[in-house]
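These notes are about the structure you will find just below.
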Amino acid sequence: MKKLIDMITQEVKIAFIACGYTEKYGAVSLSNRPDLCQYQCNGAMAAAKQYKKAPIMIANEVVAKLEDYTMFKEIVAVAPGFINIKVSEEYLADYINDMAKEENFGFEKAENPKTIVIDYGGPNVAKPLHVGHLRSAVIGESVKRISRFAGHNVIGDVHLGDWGLQMGLIITELKKRQPELVYFDESFEGEYPEEAPFTISELEEIYPYANAYSKEHPEFKEEAKNATFELQSGKSGYVALWNHILNVSVTDLKKNYDKLNVSFDLWKKESDAQGYIPGMVDYLKNGGYAHISEGALVVDVKEETDTKEIPPCMILKSDGATLYNTTDLATIVERAELFNPDVITYVVDKRQELYFEQVFRCAKKTNLVGEHVKLTFLGFGTMNGKDGKPFKTRDGGVMRLENLISEITTAVYDKIMSNRDMQEEEAKEIANKVGIAAIKYGDLSNQASKDYIFDVERFTSFEGDTGPYILYTIVRIKSILNKYKEVTGVDTIATSKMLPATGESETALMLELTKFSDTITTAFAENAPHRVCQYIYDLSNAFNKFYHENKIIANEDEKVRASWIQLITLTCNVLNTCIELLGIEAPDRM
RNA sequence: GCACUUGUAGCUCAGUUGGAUAGAGCAUAGGCCUCCGACGCCUAGGGUCGCAGGUUCGAAUCCUGUUAGGUGCACCA
């Protein structure tokens, strides 16, 4: 189904052509002056120069061609050359009725679906999720859902950090604490136990301890490095331990991501890419791409046009060991081989931009991926506290994601209990949904690339541009619909059509609904969930205004009543679809 | 030092390919419940869009310079 604005544009363009002007001047945009009109065309002013004619004359000519169209309620030329447009109520109602009938409210899915791999989440094994992991998860999840809704074949990959010194540290520390474990018995040849010799909380304590200890004790660090090497060489006891660490970690991570309503199609790990490294390194060497610089194997990635110095992309350290770059490049190779993607999007902290620029350039320059593959860096800003500095706990430590979530949900729970008479059990469930919405909406409503201030007070507020306000609006509509069913005994799935709007707020609500497809299109094109947030906020406002101006259930005219029920049902459905794209769920009551 | 990035109301943020009087929310001051959820709606005040030039009929938006904050600059990830 064509977008309303495109249908208008089409007519205006035809009129421009009919008057002898170039089509491009007929571009129509949303009005900046809602008090004057709904849509506007500014092309006459741009055309004035080319045709050496007063803009208002051009505008008048064009308007004369369109005046009689039933599509328009009003189309006028205004000095110095604006064309102001209002759509007729009948036309708008027809459009809205079609929207309600169509799948996805008439949004047209991509004709040529692309395969898109989204790399987000990026947790490390044996380390708890902390606030630093929040944005990647929340933004990545939403971008994934939006892309999928837009009709693409999307693969969300968590890209687990399971490689490197951290594993050696844990193993070495474990050996120090429990040397009697069979994993350390060199002569052991049987089956290792299925049960892990530690719990997740023990694991989470071991890693930071070992990490700190290694900084003070070089000999311990040396041992850990050695253990890492032995693990990577396949020492069976260590591999068995590593599997335990992975399993215990992943189970816990899944639990936590689940709370956030975040899920991944793939649980690929850095270690999975290791197998691709030797071949890739050989390829880079033999292809003449890589050379030795200061003892390390590097690929130059600077370009003539650079205004800044871009350091070469390092493939192997001077001691011959691999590093993050190596793994990331190998992962690109792995993904290209497994999925043949058109796009790979990385949802990571924006501080890694230069680094990824190097990796992307290296991959392209050396043809590790084809020309057609688009490597996208979607960098997000820092989540700051109210003081504008990176978010910390009260005593200055790193805040665990779990704690952040429970802090928010208790705040919401208290609010619900003080306002509503509700069973504890139900209130808790609702508080979970509302709390998650508060966190996610608070994050997603900002442009991803900017830093933002995480303000518990503001995000959990039920007023203003917040997650809870959006949910409140949805719950309110649901409540009206239930009441309607109660009063009339009629199910809300009415067959009647929506009638042309009779009031301003009704027209405004309908117009807002027509913008659904435009919103999805832009949100996808820009990888920008905040577009969706903005839209549902506007839509919620439009609904609330309409609600206040009209008595829906009490209306005597049965046809109007049915029409309005249809209208708010559609509003509710659109809102629900949108919050789903943000990874948010609405409760039935709150 | 070099580079990237951000600067919009007291605070937190939007701002469509350059368009008309720069928008929201919070906070502040008022008004609206015998009526579908007042966690709502309406009204008011609040701005040199960091600063200075330039391009343009027209600039928060494009260009140049400048200033303030944030960030990054090969063997960490």
Side-chain angles (χ1 to χ4, degrees), chain A residues 24 27 29-33 35-37 40 42 45-46 48-49 55 78-82 84 122 124 161 163-166 270 293-298 306-319 321 323-325 327-328 348-355 357-358 379 381-382 384 386 388-389 415-416 419-420 442 445-447 449-453 455 457-459 461-466 468-469 471-473 475-484 486-487 505 518 522 526 530-531 533-534 537-538 541 544-545 547-555 564 568 589-590:
Chain A
K24 68 171 180 186
S29 60
L30 275 177
S31 165
N32 298 308
R33 291 287 304 272
D35 51 320
L36 298 177
C37 57
Q40 63 183 19
N42 305 327
M45 286 175 289
K49 191 180 262 174
V78 180
F82 294 102
N84 290 350
N124 291 307
W163 210 237
L165 187 61
Q166 50 176 340
E270 286 176 359
S293 166
E294 295 174 34
L297 187 70
V298 302
D306 285 340
T307 53
K308 58 180 169 180
E309 192 64 30
I310 300 231
C313 182
M314 188 176 294
I315 308 298
L316 292 175
K317 297 198 277 190
S318 49
D319 64 359
L323 68 168
Y324 196 48
N325 304 39
T327 303
D328 262 325
V348 271
D349 193 305
K350 70 177 174 190
R351 280 175 290 196
Q352 296 191 30
E353 182 156 20
L354 177 61
Y355 163 74
E357 177 71 30
Q358 290 174 279
T382 312
N384 289 328
K386 269 172 126 170
K389 296 197 183 113
K415 228 167 254 189
I416 292 173
N419 286 320
R420 291 265 188 277
S445 56
N446 294 293
Q447 286 182 42
S449 64
K450 289 193 183 175
D451 294 350
Y452 80 108
I453 292 184
D455 183 341
E457 279 285 304
R458 193 161 68 81
F459 290 176
S461 165
F462 285 46
E463 294 157 40
D465 190 7
T466 66
Y469 167 77
L471 295 190
Y472 172 75
T473 305
V475 167
R476 195 183 206 185
I477 300 175
K478 282 186 184 172
S479 163
I480 299 168
L481 293 176
N482 283 333
K483 194 97 182 185
Y484 176 76
E486 234 172 72
V487 172
S505 63
D518 305 81
T522 339
E526 297 174 4
H530 84 277
R531 296 280 185 182
C533 292
Q534 216 176 333
Y537 182 59
D538 289 343
N541 281 334
N544 278 317
K545 204 168 283 190
Y547 166 85
H548 271 274
E549 277 183 22
N550 302 287
K551 290 197 182 92
I552 300 167
I553 293 175
N555 195 297
W564 284 351
I568 68 169
R589 307 203 292 150
M590 64 188 274

* Atom CG in Asn124(A), atom CD in Glu270(A): separation rounded to 0.5 Å? -> 7.0 Å
* Going through the distances and angles, do Ile480(A) and Ile568(A) end up as a side chain to side chain contact (heavy atoms under 4.5 Å, CB included)? -> CA-CA 9 Å; Ile480(A) 299 168; Ile568(A) 68 169; 3.9 Å; yes
* To do: Return the stacking result for G19(B) and Phe82(A): yes when the ring centres lie under 5.5 Å apart and the planes under 30°, no otherwise.
  => no
* Between U6(B) atom C1' and Arg351(A) atom CZ, what is the distance in whole Å? -> 15 Å
* With no angle test and no hydrogens, is the base of C35(B) tied to the side chain of Lys551(A) by a donor-acceptor pair under 3.5 Å? -> yes
* Starting at atom OH of Tyr355(A), determine the distance to atom P of U5(B), rounded to an integer number of angstrom. => 21 Å
* Between the side-chain atoms of Asp538(A) and the base atoms of A14(B), is any donor-acceptor pair under 3.5 Å? -> no
* Tell me which nucleotide among G72(B), C42(B), G40(B) gets nearest to the side chain of Glu463(A). => G40(B)
* Asked: Would you say Lys450(A) reaches A14(B)'s phosphate, i.e. side-chain N/O to OP1/OP2 under 4.0 Å?
  -> yes
* Using the C1' atoms only, state how far G45(B) lies from A27(B), rounded to an integer number of Å. => 13 Å
* **Below 4.0 Å: OP1/OP2 of G15(B) and any side-chain N or O of Gln447(A)** => yes
* Asked: C76(B) pairs with which nucleotide, Watson-Crick or G-U wobble, both distances below 3.5 Å?
  -> none
* Looking at G40(B), G15(B), C13(B), which one has an atom nearest to any side-chain atom of Ile453(A)? -> C13(B)
* For Asn384(A) and C13(B), what is the distance between atoms CG and C1' respectively, to the nearest whole Å? -> 14 Å
* Side-chain H-bond candidate by donor/acceptor type, Ser505(A) with Glu549(A), under 3.5 Å -> yes
* Which residue lies more 5' along RNA chain B, comparing Tyr547(A) with Asn544(A) via nearest heavy atoms -> Tyr547(A)
* Tell me which nucleotide among C13(B), G19(B), C42(B) gets nearest to the side chain of Ala46(A). => G19(B)
* Describe the nucleic acid contact of Gln352(A) in one word from base, sugar-phosphate, nothing, applying a heavy-atom distance below 4.0 Å. => base
* **C1' spacing across the pair U16(B) / G53(B), given as an integer number of angstrom** => 28 Å
* **Closest contact, heavy atoms only, Ala48(A) versus Pro55(A)** => CB-CD, 3.7 Å
* To do: Kindly point out which of U17(B), C13(B), C76(B) is positioned nearest to the side chain of Ser29(A)?
  => U17(B)
* Measure from the side chain of Asp35(A), starting at C-beta and using heavy atoms only, and say which of U21(B), G40(B), G72(B) lies closest. => U21(B)
* Kindly say if Asn541(A) contacts the phosphate of C41(B), meaning a side-chain N or O under 4.0 Å from OP1 or OP2. => yes
* Have Asn544(A) and Tyr472(A) got a donor and an acceptor in their side chains that come within less than 3.5 Å? -> no
* Asked: Is there a side-chain contact between Asp465(A) and Gln534(A) (heavy atoms, below 4.5 Å)?
  -> no
* To do: Starting from C1' on C36(B), measure out to CD on Glu486(A) and report it in whole angstrom.
  => 11 Å
* Asked: Between Tyr469(A) and Tyr537(A), what is the ring plane arrangement, given parallel below 30°, perpendicular above 60°, and tilted in between?
  -> perpendicular
* Asked: With no hydrogens and no angle check, is any side-chain donor or acceptor of Asp349(A) less than 3.5 Å from a backbone partner on Arg351(A)?
  -> yes
* When you get a sec, tell me which of A14(B), U71(B), G15(B) is the closest nucleotide to the side chain of Arg531(A)? => G15(B)
* Taking atom P in both C49(B) and U5(B), compute the distance separating them and give it to the nearest angstrom. => 23 Å
* Structure fact -> Whole-Å distance, Gln534(A) CD to A24(B) C1', equals 9 Å
* To do: Take atom P in U6(B) and the same atom in C62(B), then report the distance between them in whole Å.
  => 10 Å
* Verify the contact: side-chain N or O of His530(A) to OP1 or OP2 of C13(B), cut-off strictly under 4.0 Å; return yes or no. => no
* Nearest to the side chain of Glu294(A) - C75(B), C36(B), G19(B)? -> C75(B)
* C36(B) pairs with, by Watson-Crick or G-U criteria that keep both distances under 3.5 Å -> none
* From C41(B), G72(B), A77(B), pick the nucleotide closest to the side chain of Leu323(A)? -> A77(B)
* Think Arg476(A) has a side-chain N or O under 4.0 angstrom from the OP1 or OP2 of A38(B)? -> yes
* Asked: Nearest of A14(B), C75(B), A77(B) to any side-chain atom of Ala296(A)?
  -> C75(B)
* Would you give the length of the straight line joining atom CD of Gln358(A) to atom CE of Met314(A), rounded to the nearest 0.5 angstrom? => 9.0 Å
* Starting from C1' on C36(B), measure out to CD1 on Ile480(A) and report it in whole angstrom. => 5 Å
* Between C42(B) and C33(B), how far is it from one P atom to the other, in whole Å? -> 16 Å
* Using a 4.0 Å heavy-atom cut-off across all strands, classify Val475(A) as base, sugar-phosphate, or nothing. => base
* Closer to the 5' end of RNA chain B via nearest nucleotide, is it His548(A) or Val78(A)? -> Val78(A)
* What is the distance, rounded to the nearest whole Å, between atom CG of Asn550(A) and atom P of C42(B)? -> 13 Å
* Checking only heavy atoms, does the side chain of Ser293(A) share a donor-acceptor pair with the base of A74(B) at less than 3.5 Å? -> yes
* To do: Write down the distance separating the P atoms in G25(B) and G50(B), rounded off to the nearest Å.
  => 22 Å
* Structure fact -> Taking a pair to mean Watson-Crick or G-U wobble geometry with both distances below 3.5 Å, U48(B) pairs with none
* Considering every strand shown, what is the Watson-Crick or G-U wobble mate of C26(B) when both distances are under 3.5 Å? -> G10(B)
* To do: Scan Lys49(A) against the nucleic acid and name what it touches under 4.0 Å (heavy atoms): base, sugar-phosphate only, or nothing.
  => sugar-phosphate
* **Distance between C1' atoms of A59(B) and U64(B) (Å, rounded)** => 15 Å
* **P-based separation of C51(B) from U8(B) [nearest Å]** => 10 Å
* **Phosphate-side-chain proximity, Tyr324(A) and C75(B), N/O vs OP1/OP2 below 4.0 Å** => no
* Asked: NA contact type, Asp349(A), heavy-atom cut-off 4.0 Å: base, sugar-phosphate, or nothing?
  -> nothing
* Any idea which of A74(B), G19(B), U21(B) is nearest the Arg33(A) side chain? -> U21(B)
* **Gln166(A) (side chain) donor-acceptor with Gly161(A) (main chain) under 3.5 angstrom** => yes
* Atom CG of Asn42(A) to atom P of G58(B): distance rounded to whole Å? -> 16 Å
* Asked: Distance check: side-chain N/O of Tyr469(A) vs OP1/OP2 of C26(B), anything under 4.0 Å?
  -> no
* Identify the nucleotide, in any strand shown, that forms a Watson-Crick or G-U wobble pair with C4(B), with both distances under 3.5 Å; if there is none, say none. => G70(B)
* Asked: Between Lys386(A) and U12(B), is there a side-chain N or O to OP1/OP2 distance below 4.0 Å?
  -> no
* Asked: Hey, does Leu36(A) reach any base, or is it just sugar-phosphate, or nothing, if we go heavy atoms under 4.0 Å?
  -> base
